[in-house]
J.: 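Sharing a structure, written as structure tokens. Questions coming.
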2 protein chains.
Amino acid sequence: MQGGGSELNERKKLILKAIIEAHVKEGEPVGSKYLTQNKQIALSSATIRNEMAELESLGYLEQPYTSAGRVPSESGYRFYVNSLMQKYRMSQNELARMNALAKSRLAEIDRLLESATRLAAGLTNYTSIAIKPKQSTAVITKFKTVLLDKQLFMLVMIDGMGNIKTRQITSDEEINEETLARLENELNARIANKRVDEITVSLVMEIERSFGEGEGIISSVIKTVCETLGEPEGGDLKMAGVNHLLEYPEFSDAREFKELLGVLEEKRDILKLVSDSDLDEDGPQVLIGSENILEEMKNSTMVFQKIKSNGKVVGAIGIIGPRRMDYSKVISTVEYIAQNISLMLNSSLSLPEAFGEDEN
Amino acid sequence: MQGGGSELNERKKLILKAIIEAHVKEGEPVGSKYLTQNKQIALSSATIRNEMAELESLGYLEQPYTSAGRVPSESGYRFYVNSLMQKYRMSQNELARMNALAKSRLAEIDRLLESATRLAAGLTNYTSIAIKPKQSTAVITKFKTVLLDKQLFMLVMIDGMGNIKTRQITSDEEINEETLARLENELNARIANKRVDEITVSLVMEIERSFGEGEGIISSVIKTVCETLGEPEGGDLKMAGVNHLLEYPEFSDAREFKELLGVLEEKRDILKLVSDSDLDEDGPQVLIGSENILEEMKNSTMVFQKIKSNGKVVGAIGIIGPRRMDYSKVISTVEYIAQNISLMLNSSLSLPEAFGEDEN
DNA sequence: GATTAGCACTCGACCGCTTTGAGTGCTAAA
DNA sequence: TTTAGCACTCAAAGCGGTCGAGTGCTAATC
């Protein structure tokens, strides 16, 4: 049923490609007669029918019911994506919108991802997600403290990726700036750059000893730090353009749509899906239908690409839509945006850019 | 058409109430015969019909078409909410789930709001939103800096509400810890607690003079600060349970649903809607159908309540659903959650709580 | 005067039927 | 090998009739 597709002759490839592109465009089963309009295919409907029958028996096409047109199967789309598809050429307008993002000078990954999702959704007319994986908080590189009230202070933690986590901590006793500064030093000296399993009881005791008074705070703080490090749902997911999905008749079945929406909201599964995929894969990845492990996504396709900053995966951006999707456009868009973001992140770290030249 | 409702006698009120509650429960037009089952109404269907006809001419009921049952009109719901509705009694289970939130010790408003939305959506089976208005960043009370790289540092800004904003700033020249500390002091001394219109050019020049070297950084920093203060779309909106909406037949019309979704994603309008409403109103507010100014929400109802911390509005939590809504339950839930959050925020600032007693 | 029983009427929902037409597979001719 | 022709299939769309919930009105009853 799968088949690498190498057994297909050129004519079959041509017809398959035409069928997929017609189906993506029209959204309805494609018949043999329709294809005769295609100038590239100079064949009668009967011949096309024969070829279609063979393509079906090879598993690339499906028939919703006897004597309806043909619809691409999952492996049909897969073969299309792997071998037939041509690269999409961005329009001037689209390029302009992409470049607007590049010019936005958003240095922080959070805001960058948010803008990127919106852009991706807007350009493709599909739903877009941006993911920041949890793995990023393996280690905290820097602690900062801010006194907010007599007994309340804020702990700011920064990890290697530039992510910031803040927690407010209440103390039983009054704290002053000076104590807090000592706490900060202590944390930076002994806890910074340690993994959660390296924070041992004896280490904590050592800190308490050297800190002296107010050990109560120490234990609160350490606990908070450990919680933050271990945080299982640390990953963040942003979404945009959910409403676009409703434009596609395949989601007019409310029940299915509801389930898909539920999964998207329940961030956990999606995060898992993305982080499960090949970590080494650099380019865009396409999961068609049941290639998504999630039952709820078996009628959807997800295209995403990881975003790297200095060699590390710091996020991913993706598009979710029906299986019948403009793969060429979507893949190009995702790829382009992901690359651009990676570029921006890298450049903001190494090549200092001139700030403040444009005044608006 | 509007009418305060005082012209209604007890019997009409009873019937109107019964109709609304039946319609909310069943989702279908309510007929006179159906109401005769109601023990409270010991009348024949004919009498009820007469009353219903009058209620319709008063504008409280509507007929989808000749000789269908009656459906509450907008003013019908409004009257119900204002005068007829009884307070919803939480079940044991519901109370337990609410209290779980209270016990969660989430001190930061962001995470608190996120949990609260999820809770509200889960309890009511409607879509829930949580809003953090932009107004909160009128003034920055504290600056902190963190050196990330030779020419890159992070500016952490904390405002009066405990909101944290971070920006990364690149410098043309190399920076060391010591310079950065001076910058931090300078900012805290001269910019902290100033409104954006109080940051004058002469003030900036003064800082540059006293700071001496590397004035380039100063202007970058000040620019960033002003951007942050003025940030027009600063408000944040979290959503949960969007998929619940699809359970209600009134949203099975995909086009309408799509529009509503679009508005919810386009946070701006909702933020405006909430902040436009009576600032002084403390209790839950109910916007039924076209009482929402947004065209896209004319078939929806929104119930929300502001959340105050130390007298200031720091957010709001709300529920969005069809006009046919279990008002009693929704209003109670929103009210309860909002009050609880307010309480938690206040207590975490003033009354120090014992931490670390429960170990899970 | 208020209530109720009775009755004719309305109108969408539903059911089953037919028609339509796009599309197929097969066969025989080119 | 390709194509024209033909019989066949089947969902979609259109149509007419029935059903029944619900109404408004009128006349009888309390």
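Each chain gets a letter, A, B and so on, in the order the sequences are listed, and its residues count up from 1. What's counted below: heavy atoms across the whole structure, side chains too, no hydrogens, waters or symmetry copies. Note that the structure is a prediction, hence the values are computed from the model and not measured.
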J.: When the nearest nucleotide of DNA chain C is assigned to A/E56 and to B/A42 on a heavy-atom basis, which residue is associated with the more 5' position?
T.: B/A42

J.: Given atom CG of B/N50 and atom P of D/dG22, what is their separation to the nearest angstrom?
T.: 17 Å

J.: Send over the distance from A/I48 CD1 to C/dA22 P, rounded to a whole Å.
T.: 17 Å

J.: Within this structure, what is the CG-to-P distance between A/L55 and C/dG23, rounded to whole angstrom?
T.: 17 Å

J.: Can you measure B/Q63 atom CD to C/dT10 atom P for me and round it to whole angstrom units?
T.: 14 Å

J.: Go through the side-chain N and O atoms of B/S45 and B/Y34 and say whether any donor and acceptor fall under 3.5 Å apart.
T.: no

J.: Looking at A/S67 and D/dT9, is any side-chain donor or acceptor paired with a base atom of the opposite kind under 3.5 Å?
T.: yes

J.: OP1 or OP2 of D/dT2 less than 4.0 angstrom from a side-chain nitrogen or oxygen of A/R11, does that happen here?
T.: yes

J.: Using heavy atoms to find the nearest nucleotide of DNA chain D for B/Y34 and A/E51 separately, return the residue whose nucleotide is more 5′.
T.: A/E51

J.: Whether B/S44 contacts C/dT3 is assessed here as follows: a side-chain N or O lying under 4.0 Å from the phosphate OP1 or OP2. Is that the case?
T.: no

J.: Tell me the interatomic distance from B/L61, atom CG, to D/dG24, atom C1', rounded to whole angstroms.
T.: 16 Å

J.: Could you tell me whether the side chain of A/R49 has a donor or acceptor atom within less than 3.5 Å of a complementary atom in the base of D/dG5?
T.: yes

J.: Whole Å only: how far is the CD atom of B/Q37 from the C1' atom of D/dA21?
T.: 13 Å

J.: May I ask you to verify if any side-chain N or O of A/T66 is less than 4.0 angstrom from the OP1 or OP2 atom of C/dT24?
T.: no

J.: Parallel under 30°, tilted from 30 to 60°, perpendicular over 60°: which one fits the rings of B/Y248 and B/Y126?
T.: parallel

J.: Report the distance from atom NE2 of A/H23 to atom P of C/dG23, rounded to the nearest whole Å.
T.: 13 Å

J.: Nearest whole angstrom, please: distance from the C1' of D/dT2 to the CG of A/L43.
T.: 9 Å

J.: Which of these nucleotides, D/dT3, C/dT4, D/dG24, is closest to any side-chain atom of B/R70?
T.: D/dG24

J.: Out of D/dT23, C/dT24, D/dA11, which nucleotide sits closest to the side chain of A/Y65?
T.: D/dA11

J.: Give me the ring orientation class for B/F79 and B/Y60: parallel if the planes are under 30° apart, tilted from 30 to 60°, perpendicular past 60°.
T.: tilted

J.: So for atom CD, which belongs to A/Q37, do other residues, nucleotides or ligands contribute more than 12 heavy atoms lying within a distance under 6.0 Å?
T.: yes

J.: I'd like to know if the side chain of B/N93 pairs up with that of B/R97 as donor and acceptor (distance under 3.5 Å, no hydrogens or angles considered).
T.: no

J.: By the 4.0 Å heavy-atom rule, please label B/A68 as base, sugar-phosphate, or nothing.
T.: sugar-phosphate

J.: Distance check: side-chain N/O of B/S45 vs OP1/OP2 of C/dT4, anything under 4.0 Å?
T.: no

